[in-house]
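In what follows, a single structure is set out as structure tokens and then discussed.
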Amino acid sequence: MPSQPLQPTRVRFAPSPTGRPHLGGGRTALYNYLLARQTGGAFILRIEDTDQKRYVPGAVEELISSLRWMGLDWDEGPDVGGPHAPYHQTERREIYQKYARQLIESGHAYYCFCPTPKEDEGSEPGDRRQHREICPDRDLSLEEADARISSGESHVIRFRMPFEGRITVSDAIRGDITVENSTLDDYILVKSNGLPVYHLAVVVDDHLMEITHVIRTSEWLPTLPLHGHIYKAFGWEQPIWVHPSIFLKPDGKGKMSKRDAQALLSEGKSIFVGDFKEMGYLPEAVVNWMALIGWSYDDKTEFFTLEELIDKFSLEKLSPAPAAINFSKLDHFNGLHIRELDPADLAERIKPFFEKAGYQVDDIDKLQQIAEALQIRLTTLDEAPEKAGFFFQDEIHPEPETLIGKKMSAAESLEMAQRIHKLIASLPDFSEETANQPLRDLAVELGLKAGHIFGFLRNAITSQKVSPPIFETMTIIGRETVLKRIEAAIAMLERMAEEA
RNA sequence: GCCCCCAUCGUCUAGUGGCCUAGGACACAGCCCUCUCAAGGCUGAAACCGGGGUUCGAGUCCCCGUGGGGGCACCA
């Protein structure tokens with residue numbers, strides 16, 4: 001058994017509101033949440049909105065609703081408040097400025113008055129020069145810098161990166177990561193608009209909010225040395241760093257781009273958490289599925305509820321390798337979780353899908369029976385109307401040919417239909433126990449296969465070639481409608497027999 | 001180009017030196033069950049990237065290749 005952290009952890013999910021929340025973010029939030037709940041710690045939601053240019057209206061709202069849909073809740077955050085408020089970074093501007101100044105006074109950062117590089121300057125990553133090699137302001141005296149600032153000169157604050165030596169930072173799933181300082185640069189900490197860059201804000205906030213474990217995806221690994229340096233410069237203790245791998249496209253070739261995400265949408269798939277509900281996925285299934293991309297429990301168990309994940313999750317079982325997302329596995333999990341549901345619960349969950357398809361659903365008892373019939377047959381909830389819409393239709397219109405049995409004429413089929421009608425009408429109920437044998441006996445009597453009888457009934461009553469088991473179906477539909485539909489089918493057969 | 005990370009079936013993974021003729025899951029194929037469709041059961045095909053070490057013994061440790069991924073903004 002992997003050892004579990006005994007101390008309560010304080011973790012956070014800190015997305016930037018620059019787009020729609022996706023699976024990768026969802027999983028990161030989930031892992032943070034799991035660790036917090038497992039240890040009795042705290043899960044914090046923080047909005048990293050220091051880039052106003054990229055801010056997308058409504059992003060925070062969708063973020064919150066997506067996380068809630070997944071079943072997550074947080075102890076501190078923009079919507080619930082908390083002891084470390086505010087939780088929007090743009091509202092914490094003064095805090096960062098104060099700490100940036102501290103860094104400047106301690107010599108770990110400096111004011112830089114260099115002009116903003118032009119868009120097309122050094123566009124090739126290969127020939128980019130280190131800023132610190134060309135910056136004339138690196139060794140400006142603080143007095144001089146302050147004077148230029150008070151005269152209104154535009155400036156940024158840069159970290160003063162050592163030229164010599166190296167830094168080692170430790171990641172919980174990858175071990176020590178060592179980088180030569182010579183490959184680093186004097187990165188910007190505060191922009192000319194006075195707002196911090198991610199690197200400063202994240203370090204200051206994580207420290208102030210007493211974050212013990214930073215769980216974020218591996219795309220942040222390249223900035224880890226910088227963050228380590230900033231912690232050292234402040235003299236603060238670093239959190240435990242955890243960088244789970246990123247998600248790859250289903251084909252395993254690279255991470256999902258905006259374009260790819262768009263293309264997926266046209267295939268009826270999505271990587272946006274907010275889309276899964278209406279695609280008919282259960283949050284339980286999505287959570288179970290995403291938890292297992294990059295994490296495992298043992299060599300057998302794959303089915304987990306949120307509660308079980310809280311219990312079983314462990315940092316040491318996180319995989320360092322990038323993983324492709326696999327939608328067919330999600331379908332599998334969705335089926336599994338649908339089958340786990342209480343039928344009354346399933347009924348409630350499929351109801352909106354019937355309503356969206358235009359069906360009037362007011363008979364809850366009937367809906368529940370339908371849910372029971374559908375339970376082992378659904379992959380996604382949105383399939384319910386197409387599979388079971390006939391239960392709610394006043395009239396159905398079977399294709400006439402489907403009423404004719406295999407290798408049978410219309411006249412023969414008509415005769416069969418009439419006998420079936422007579423038999424059905426005489427039955428006290430349509431349960432399998434009472435209806436099955438008589439129908440089979442009839443088949444024998446008519447020299448037909450049972451399949452002929454059942455096939456006719458299925459098409460006549462559901463107008464579908466596949467449906468839930470016929471006895472269950474007839475029971476739900478009710479005697480009156482069953483007989484009416486058979487009669488309608490007989491009428492169609494009569495017409496066809498005449499024409500023939 | 002430079003820096004960093006990673007490497008077991010098509011995919012997600014188990015595996016922490018002998019328990020591995022490498023286990024599970026999805027997908028795929030076949031069979032069984034069967035009123036259709038599912039679900040379920042059984043079976044099958046399917047992998048340790050390559051080369052060097054270390055060791056009595058390597059999927060497991062080390063090195064080098066190769067391959068894949070991420071990053072290199074006054075974005076996060």
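Computed from a predicted model, the values in this text were never measured in an experiment. Labels below follow one simple rule: chain letters A, B, ... track the order of the sequence lines, proteins then strands, and each chain is numbered from 1.
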[atom1] gap between [N] and [M], integer Å:
N: B:C49; M: B:A58; atom1: P; value: 16 Å
N: B:G65; M: B:G1; atom1: P; value: 15 Å
N: B:G50; M: B:U8; atom1: C1'; value: 15 Å
N: B:U60; M: B:A7; atom1: P; value: 11 Å
N: B:U11; M: B:G18; atom1: C1'; value: 30 Å
N: B:A22; M: B:C48; atom1: P; value: 11 Å
N: B:G59; M: B:C19; atom1: P; value: 10 Å
N: B:C74; M: B:C12; atom1: C1'; value: 40 Å

For [X], side-chain contact (heavy atoms from CB on, under 4.5 Å) partners two or more places apart:
X: A:Ser296; result: A:Lys317
X: A:Leu248; result: A:Ile246, A:Pro322, A:Ala324
X: A:Pro250; result: A:Met256, A:Ile325, A:Phe327
X: A:Val197; result: A:Ile188, A:Lys191, A:His199

Identify whether any heavy atom of [X] sits under 4.0 Å from a base atom; if not, whether one sits that close to sugar-phosphate; answer base, sugar-phosphate or nothing.
X: A:Cys112; answer: nothing
X: A:Gly335; answer: nothing
X: A:Ile188; answer: base
X: A:Thr217; answer: nothing
X: A:Trp289; answer: nothing

Nearest-Å distance, [atom1] ([X]) to [atom2] ([N])?
X: A:Leu292; N: B:U13; atom1: CG; atom2: P; answer: 9 Å
X: A:His199; N: B:G71; atom1: NE2; atom2: P; answer: 13 Å
X: A:Ile293; N: B:G69; atom1: CD1; atom2: P; answer: 18 Å
X: A:Asp186; N: B:C74; atom1: CG; atom2: C1'; answer: 14 Å
X: A:Phe13; N: B:A76; atom1: CZ; atom2: P; answer: 16 Å
X: A:Arg216; N: B:G71; atom1: CZ; atom2: P; answer: 14 Å
X: A:Asp260; N: B:G69; atom1: CG; atom2: P; answer: 12 Å
X: A:His243; N: B:G70; atom1: NE2; atom2: P; answer: 16 Å

Is there a side-chain polar atom (N or O) of [X] under 4.0 Å from OP1 or OP2 of [N]?
X: A:Ser218; N: B:G69; answer: no
X: A:Lys255; N: B:G71; answer: yes
X: A:Lys249; N: B:G69; answer: no

Exercise. Indicate for each nucleotide in nucleotides 58-68 of chain B, in 5' to 3' sequence, whether protein heavy atoms under 4.0 Å reach the base (B), only the sugar-phosphate (S), or nothing (-).
Key: -----------
Practice problem: Classify every nucleotide of nucleotides 26-43 of chain B by which part a protein heavy atom approaches to under 4.0 Å, writing B for the base, S for the sugar-phosphate alone and - for neither, in 5'-to-3' order. | Solution: SS-------BBBBSS---
Can you tell me the Watson-Crick or wobble partner of [N], both distances under 3.5 angstrom?
N: B:G65; result: B:C49
N: B:G1; result: B:C72
N: B:C26; result: B:G10
N: B:C33; result: none
N: B:U55; result: none

Quiz item: Nearest nucleotide by nearest heavy atom, which residue falls closer to the 5' end of RNA chain B, A:Pro196 or A:Pro320?
Solution: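 Closer to the 5' end of RNA chain B: A:Pro320.
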Practice problem: Starting from the 5' end of RNA chain B, give me the residue, A:Glu219 or A:Ser192, whose nearest nucleotide shows up first. | Solution: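 Comparing both residues, the 5'-ward one is A:Glu219.
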Exercise. Check whether any side-chain heavy atom of A:Arg419 lies under 4.5 Å from a side-chain heavy atom of A:Leu423, and answer yes or no.
Key: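 The answer is no, as the side chains (C-beta and beyond) never meet within the 4.5 Å cut-off.
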Quiz item: Do A:Arg148 and A:Phe113 meet the cation-pi criteria used here (NZ or CZ under 6.0 Å from the six-membered ring centre, within 45° of the axis)?
Solution: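 Positive - A:Arg148 is close enough to the ring of A:Phe113 and near enough to its axis.
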List in chain and number order the residues that pass side-chain hydrogen bond (donor to acceptor under 3.5 Å, both in side chains) with [X], two or more places apart in sequence or in another chain; answer none if no residue qualifies.
X: A:Asn326; answer: A:Ser328
X: A:Gln464; answer: none
X: A:Trp241; answer: A:Gln238

Quiz item: Does any pair with a residue in residues 449-458 of chain A pass side-chain hydrogen bond (donor to acceptor under 3.5 Å, both in side chains), and if so which ones, sequence neighbours excluded?
Solution: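 Every side-chain hydrogen bond (donor to acceptor under 3.5 Å, both in side chains) pair that includes a residue of residues 449-458 of chain A, provided the two are not neighbours, is A:Arg458-A:Ser467.
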Exercise. For residues 170-179 of chain A, pull every pair meeting side-chain hydrogen bond (donor to acceptor under 3.5 Å, both in side chains), keeping only residues two or more places apart or in separate chains.
Key: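 Non-adjacent pairs meeting side-chain hydrogen bond (donor to acceptor under 3.5 Å, both in side chains): A:Thr168-A:Thr178, A:Ser170-A:Asp176, A:Asp171-A:His243.
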Quiz item: Quick one: the side chain of A:Thr183 and the base of B:C3, do they pair up donor-acceptor inside 3.5 Å?
Solution: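 Answer is no: no donor-acceptor pair is held.
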Check every atom of [options] against the side chain of [X] and return the nucleotide holding the closest atom.
X: A:Ala321; options: B:C6, B:C75, B:G23; answer: B:C6
X: A:Ser296; options: B:A76, B:G71, B:U13; answer: B:U13
X: A:Ile246; options: B:U11, B:G69, B:C75; answer: B:G69

Quiz item: Which residues, if any, of residues 156-177 of chain A bring a heavy atom under 4.0 Å of RNA chain B?
Solution: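 By residue number: A:Val156, A:Arg174, A:Ile177.
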Quiz prompt | A:Tyr281 and A:Asp331: CA distance, side-chain angles, deciding distance, side-chain hydrogen bond (donor to acceptor under 3.5 Å, both in side chains) verdict | solution = CA-CA 8 Å; A:Tyr281 290 99; A:Asp331 284 344; 2.6 Å; yes
Quiz item: Just checking, is any N or O donor in the side chain of A:Asp205 or A:Tyr96 under 3.5 Å from an acceptor N or O on the other one?
Solution: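 Judged by distance alone, the side chains do pair up.
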Quiz prompt | Between A:His227 and A:Tyr198, ring centroids under 6.0 Å | solution =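 Yes - the distance between ring centres of A:His227 and A:Tyr198 falls below the 6.0 Å cut-off.
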Quiz item: So does A:Glu164 have more than 12 non-hydrogen atoms from other groups sitting under 6.0 Å from CD?
Solution: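 At most 12 heavy atoms, drawn from other residues, nucleotides or ligands, come within 6.0 Å of this atom.
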